[in-house]
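Have a look at the structure below, then the notes.
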Amino acid sequence: MRDLLKKDEAAPRLLSEATSKQVVADVKAFCGTEGVLDIMVQSWWNSGQRWARNRASLTSDQRDVEVMIMRQLRGAQVRVYLNQVDTESLRGASALVNYYAENNARNQGDDLVLQVPRWPTSSGIDVWSEKTFAHTETESGRVVHTLTQQAEAQGFLSAGYIAANAAYAVTYERDDFGRETHKSGRATQAQCSATVRHPKGTGSGWAGQASFDLHRVDFTNIATVAFDKCLKSIDPVRLEPGRYQTILEPQAVEPFVDAVMRQLRRRFAERQNPHPFKLGYDQAVGRVRSKLGLQVLDRRLSLFHNPMDPLSGTHREDGVNEVCWVKDGILTTMWDDYDYALAELDSPNPIRNRRSFVLSGTATTTMDEMIRTMKRGLLVTRVSAVEGIDQTSLLHTGFTRDGLWLVENGKITKAVRNFRWTESPLFIFNNVEEIGPTVPTFIRYPNRGSFSMRNFQNALTAHMVPALKVNDFSFTSTIDAI
Amino acid sequence: MHNTKLILTMLVTMTVCVAPSASAQTLFSRPDTTPNYAKYQYIDQCLSAIDRLTREADYKDPIWRDTAHYDLIRLKRPLPANAITAGQACLARFNFDTINTLPRAREAGEALLKAARDDDALRLYRRLMDAVSEEDRQRAIFSLRRLYEEARPMRVAAAKELHERWLADGGHDSLATMMQAYHQIAEMTKAVGDTASARRAGWAAVEANDRRPVEERNTGQGLQRTWSIKNLLEWLTADEAADSVSRSTASYGTFVQTKIYGRLFGDTLRGRGASLGRIVPDISGDFMYRFSSESPSHPAPAKEGLASYRPLSNDQRTRLPVPGRINAVTFLNGGCHEDTRPANNPGRSNLSGRCWEKISTLRRLKHKFPDLEITVVTHTFGSLGSAPPFEPAREADTLAKFFLGFHRIPGTLVVSTTPYFRLAGFDNRRVDEPIAYEENFYQAVGKPEGIYLVDETGAVFYRSAGGGNPEDELIMERLLRAVYSRVRKQEATN
């Protein structure tokens with residue numbers, strides 16, 4: 001190994017730029033000059049600290065590297081992955097790729113395809129925080145110590161985790177016409193989640209924050225909010241299930257926006273299968289129409305992706321500007337892959353999926369104001385175990401968690417036992433009474449496999465949504481879990 | 001002391017010399033270990049070993065699809081010797097006398113056939129048949145027959161015998177299943193060159209079809225079954241067909257209507273016969289290209305680099321189909337275009353299926369009939385492969401490169417620009433409109449698909465189903481030979 005996976009702390013967490021480029025250069029030299037060649041050198045680092053029942057339970061520091069070599073010769077494609085960057089391994093892997101690519105190209109006529117210029121792809125991504133990358137286990141330990149001490153002093157139990165991740169990748173592409181493209185990208189992720197529970201299990205509070213930048217994760221605030229919510233949710237009362245006017249805190253709104261975002265793939269909305277954004281078959285043009293151009297959310301809501309928003313990290317991605325999925329309630333854009341854009345739109349710029357999103361509303365109001373103006377309703381901290389039930393209506397079900405209160409005549413009057421709810425985000429976002437300011441929410445970052453720099457598209461940075469006061473939210477049964 | 005030092009030095013040197021070379025096994029080379037098949041514990045492991053060795057051998061010695069149809073390869077090509085040997089070594093330790101259920105017998109039978117132990121497979125099944133009920137006996141016969149049919153090489157004689165016994169025992173429950181059984185026998189025996197048996201079984205299949213009610217032959221699944229023996233009937237009547245086409249296209253049209261479609265479907269007019277004798281409208285398009293390589297047809301596209309071709313300016317264009325010549329006209333539309341995309345994801349984008357087969361057929365026909373005038377008609381789609389969208393002229397150039405250069409279709413490529421409009425508003429999808437020439441062709445002749453053979457007067461005398469069927473190709477070859485013979489006689493007379 002050149003400069004990775006050494007146990008001493010001074011060793012780099014990621015492959016350096018020079019090493020990554022040297023690996024690319026080596027593989028390039030080992031592979032032939034004919035045909036398409038893709039090389040990706042990616043290294044990643046994950047560090048985490050977990051605690052439970054006021055005691056640290058795990059400290060981890062994981063690092064690895066992945067080299068992908070893909071050669072396509074007259075349509076025959078061979079791909080190899082390895083996690084070693086020494087010259088001998090690279091030579092061996094390249095020889096394997098060359099052997100199979102050349103044999104397949106020679107022997108398997110079925111695989112021959114038309115050679116055409118390839119799509120230009122994104123030039124990279126740069127969502128980076130030095131603070132996150134420099135984070136150490138010692139710092140995490142200190143934070144965990146403070147959080148657990150605070151809970152212990154009050155006689156409560158605390159659990160949670162702090163994580164800091166980083167990845168760096170260098171890629172090289174050569175198309176059938178010998179045109180070369182070099183790209184690089186890097187990204188960081190930081191998050192903290194804390195739950196505080198009453199030792200007798202009669203109350204629970206949660207708070208969490210996530211950002212690419214550890215500067216934006218306020219550990220003190222997380223501890224305070226989780227503790228406060230726990231305290232206020234002790235000894236909840238049972239309330240009849242039914243439809244209630246409900247204030248959804250931003251963290252409770254986020255899964256519903258995410259559910260909508262997952263349905264914004266155009267290919268699926270414009271075919272015969274059931275889909276929430278499918279309109280129907282248009283006989284005049286022989287195509288299935290989507291709801292593009294039609295109102296799908298409340299007129300005051302807009303859903304978009306803004307790569308230049310400092311809260312979501314400043315992206316460096318060519319051709320990826322702000323994408324507005326829903327503007328003033330009207331569905332204006334859906335994303336899809338190159339195939340579909342080519343086949344259906346002849347478009348040189350397909351709108352690609354973005355994993356970050358912003359839901360914002362006009363005429364915003366504060367949470368306090370929402371509570372003050374509520375006659376009788378519920379305040380939801382967050383929801384969990386969210387599952388889709390029906391594809392067409394986008395009906396989902398799940399539980400309320402870590403703080404649910406009854407609001408009466410403008411005041412929080414009592415903690416309420418958790419509910420199972422059954423509701424569609426389309427119903428929620430069309431029954432909006434009031435909208436709060438848009439704030440970043442906690443995101444459960446996917447595991448390492450998804451935090452890949454492949455395609456430079458998957459840097460999940462921020463989900464920013466407002467709190468909403470909605471009418472007739474459907475709580476279908478009470479549950480015993482606190 | 002000095003001697004001791006010398007001896008030590010020699011010993012060290014010898015040790016270095018005789019030590020086995022540390023042939024470093026890296027992660028990327030297969031370990032040099034020969035499997036001991038005799039120690040395999042289960043029959044399915046033996047099957048896997050045989051299949052792996054077969055795949056490896058096929059991989060090293062592929063058969064280019066232009067050479068023969070895959071099914072013919074499967075029927076005739078024996079398993080590689082090392083696979084058979086491995087199978088025999090692997091199966092030697094198993095006792096087949098204890099097998100008493102059909103699923104296990106099927107697995108064991110397959111392995112035995114692959115290890116060239118046909119007698120043991122038969123003995124196993126005979127024992128099973130004696131021990132089971134009548135219903136299970138029929139299932140066992142069917143199972144064994146399938147094993148014979150699917151074996152490589154196919155055990156034609158044994159499968160045929162089982163088929164015939166099944167028919168003699170009245171195993172078929174309808175005329176349709178009887179027809180299929182005879183059809184199967186005909187196909188098997190034809191493939192291995194037993195023409196006499198093939199003709200006997202073939203006519204038996206056709207006669208079984210004759211006895212089916214006309215309604216059944218023309219509707220639903222019954223219709224599909226009728227279509228399934230159309231090629232067989234064409235093969236059986238090929239001499240008659242060649243004779244009629246050697247007189248005139250009109251005579252051949254009458255023959256097809258009465259002896260093929262009339263016989264298959266009764267007194268009804270069905271599909272493809274309708275285009276016979278119709279005059280192909282002059283082929284037009286916005287762009288034309290002409291293949292111009294010296295060696296037009298052989299052997300594999302793109303293996304020798306791109307073939308040469310040239311665009312035809314307006315004054316270089318001739319009338320198509322070429323009057324006074326025998327023409328093959330085909331349309332390479334959606335399928336070919338769709339298959340080309342996206343090039344950077346070949347797993348889903350192989351240009352495969354009928355498009356490839358049709359192109360191979362065209363190359364072979366041109367190789368056998370150098371005077372045949374091939375015209376390929378296509379149109380623009382706006383994009384190809386994973387490339388950014390093209391202007392029509394550039395797309396036409398790319399298509400020419402693909403069909404004439406890469407695929408070496410030895411003929412003329414005609415490309416029409418597809419008119420289209422875009423859906424209004426945020427939708428913005430492209431909707432293609434009908435292409436004038438294809439509409440004309442559809443009105444005048446029939447569906448623009450398959451290969452149309454056009455005589456010297458511009459009249460259609462044959463249309464293949466898709467173009468990639470080997471039987472279609474044989475029939476086309478036969479008809480072309482007869483037509484050329486007629487044309488030459490006429491030329492000699494004149």
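Note that these values count all heavy atoms, side chains included, but never hydrogens, waters or copies made by symmetry. In what follows, chains are A, B, ... by sequence order, proteins preceding strands, each numbered from 1.
Looking only at heavy-atom pairs under 4.5 Å with chain B, the residue among A:Val288, A:Thr333, A:Asp282 that has the most is A:Val288. For the set A:Val285, A:Thr332, A:Ile330, the count of heavy-atom pairs under 4.5 angstrom toward chain B peaks at A:Thr332. Chain A forms the most heavy-atom pairs under 4.5 Å with one residue out of B:Glu433, B:Arg422, B:Arg430, and that residue is B:Arg430.
Atom NZ of A:Lys291 is surrounded by more than 12 heavy atoms from other residues, nucleotides or ligands within 6.0 Å. Surrounding CD of A:Gln295 are more than 12 heavy atoms belonging to other residues, nucleotides or ligands, all under 6.0 Å away. Residue B:Tyr442 qualifies as open at atom OH: its count of foreign heavy atoms under 6.0 Å is 12 or below.
Using a 4.5 Å cut-off between heavy atoms, A:Arg266 touches chain B through its side chain atoms alone.
Contact annotation: the side chain of A:Tyr340 approaches that of B:Arg429 to within less than 4.5 Å [non-hydrogen atoms, C-beta and beyond].
Between A:Arg289 and B:Asp427, the shortest heavy-atom contact is NH1-OD2, 3.6 Å.
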